[in-house]
Amino acid sequence: MAELLRWPRVSFPHAVQLTARNVTLYRRAWRGTLLPNFLEPLLYLTSIGVGLGVYVGEQVLGTTYLAFIAPGLAAAAAMNGAIFESTWNTFEKLRFAQLYDAIITTPLEPQDVAAGELLWAALRSAVYGTAFLAILALLGHTRGPSALLAIPAFPLIGLVFALAGMIYTSLIRVVDQFSYFFSLFTLPQFLFSGIFFPVEQLPAPLERLAWLAPLHHGVELCRTFVLGGDPVAAGGHALWLAAVSFLLYPLAVNLLRRRMVT
Amino acid sequence: MISPAAAARLVRRDARVYRKTLGLTGGAFFVEPLLFVAGFGLGVGAFVGDQILGLPYVVYVAPGMAAASVMIEGTLESAFGTLIKLRRSQLLQGVVAAPLEPADIAVAEVGWYGARASLYGVAFLAITALLGLVRSPWALAAPAILLLLGWCFAAIGVAVGAAARDFSAPTFLHTGVVNPMLLFGGVFYPVANLPALAESLVRLTPLYHGVVAVRALAVLGDPVAALTSALWLIGFLAVAVPVAIWFVQRRLVV
């Protein structure tokens, strides 16, 4: 157990090589692979924001319902980007394509591979979140230049989910077990993290539980930057995300490493 | 000519395999729709109140979610399942060597995946009934609607699974068809709230008619509205099943 928590010795240049490999691949195939996951939050924005928004008066949230859910959906877009990378794609490369078996015969060590995948997942989150934010800005749903601060928030959100996904992927045996990850970890966060209604509306025990949800901190962070709010609270959310990533990082890298070498 | 006895043998085989793998994923099928009903029905429902049809919002959403869960299971399981059986394991190439014709295979696959998906919907509706979200005894007729709906989506899934070369087509079916139908198909709000063109498109989807019918039976107690939608679904099946048969036939008979 202690060795799983030991700080991994990663060669940064080697990790970047793996990230670069992924970038090269996705530059060719982004339409079929990157676009579908990106469209999902956009569908929620138009469907729920427009169709359900007519019932939600502006006095309740101080803004239109569409503008209220928009920054939260940007955070969800960042989550999606990292999650699909560290679950399905990592499992595919690990087990079906056996790509990692080939890579670790080169000068890249298993921990370099894991770090490179994390970097790529965070990058993908940044792309998803920023693209979503650009759409919001075009539609006039941002309030001033503080929205630009959300751009560094996206990879921060993505990193936590990349780590969580990598830990889960390193522990499961068959691909079907992913359904539990999505039903019990991702979807509850998507629905109850404050995207569609403030977590203060939840019953008290659930509201405390929401504090443990990474997406909740991501949603609040993005909403503060896009719609305005308390900068101290935003700093707290950013710190929470950074601290949890710091704690999970050695575990995720060492677990995936163990999967590659045994 | 389709032989029901031959098709039933393939269904029995599918059911036996399913029982073996049930423990892996089958236990949690109701979790996702229940999360949607809680998150939207109760969470967003605090804003919506009883503005839609005078119903508590959670009562409005629950029957729509039963229909939507049939769509999700019916479409995706059949599309991925058929693709795997035709391309990876090539199970159906083996089956067609037995006294089963391609048409029997297509009918069996649509029948099996559709019935299985409808069972999920029925179980989910029963759970919502226990939670007090069902308002009319006509709900007892809803399983018939859910079965029709399951077959409609299984026919789409089998057709796509048979036509597909790789996993990109069923993946697109998920992100490009199933998800939009879930969000725009009348589960969360009346389709009249959509722009006119979008509304008329949504009215052409089986999910819309399934949602209307299940809600009419389980909540509004309006069997006439449900019957109209049921007839629409039967009409859809009359077109979709032959299309599914055609694609399976094309794939199995060179």
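Nothing here was measured: the structure is a model prediction, and the numbers come from that model. Here is how names work: the chains are called A, B, and so on, in the same order as the sequence lines, proteins then strands, and each is numbered from 1.
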Under 3.5 Å donor-acceptor, A:Thr169 side chain and A:Ser86 backbone:
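Yes, A:Thr169 side chain to A:Ser86 backbone: donor-acceptor pair under 3.5 Å.
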Of all the heavy-atom pairs spanning A:Tyr100 and A:Glu117, show the shortest one and how long it is.
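Minimum heavy-atom contact is OH-OE2, 2.6 Å.
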Region of B:Ala38 that comes under 4.5 Å of a non-hydrogen atom in chain A
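Both the backbone and the side chain of B:Ala38 come within 4.5 Å of chain A.
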Considering only heavy atoms, which portion of B:Leu183 lies under 4.5 Å from any heavy atom of chain A: side chain, backbone, both, or neither?
both
Picking from B:Phe172, B:Phe184, B:Tyr57, which has the most non-hydrogen pairs under 4.5 angstrom with chain A?
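The residue among B:Phe172, B:Phe184, B:Tyr57 with the greatest pair count is B:Phe184.
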Option that, when pairs with chain A are counted at under 4.5 Å, heavy atom only, ranks first among B:Leu182, B:Thr171, B:Val191, B:Val48
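Heavy-atom pair counts peak at B:Val48.
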May I ask you to check whether over 12 heavy atoms, not counting those of A:Tyr55, lie within 6.0 Å of atom OH?
yes
Is it the backbone or the side chain of [X] that comes under 4.5 Å from a heavy atom of chain B, or both, or neither?
X        : result
A:Phe196 : both
A:Leu43  : both
A:Phe178 : neither
A:Leu61  : side chain

Looking at B:Asp14 and B:Lys85, is there a salt bridge between them, counting it only when a charged N and a carboxylate O are closer than 4.0 Å?
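Salt bridge between B:Lys85 and B:Asp14, a charged N being under 4.0 Å from a carboxylate O: yes.
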Is any side-chain heavy atom of B:Pro190 closer than 4.5 Å to one of B:Tyr60?
yes
Hey, are the side chains of B:Phe153 and B:Val158 touching, using non-hydrogen atoms and a 4.5 Å cut-off?
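No, too far: nothing below the 4.5 Å cut-off.
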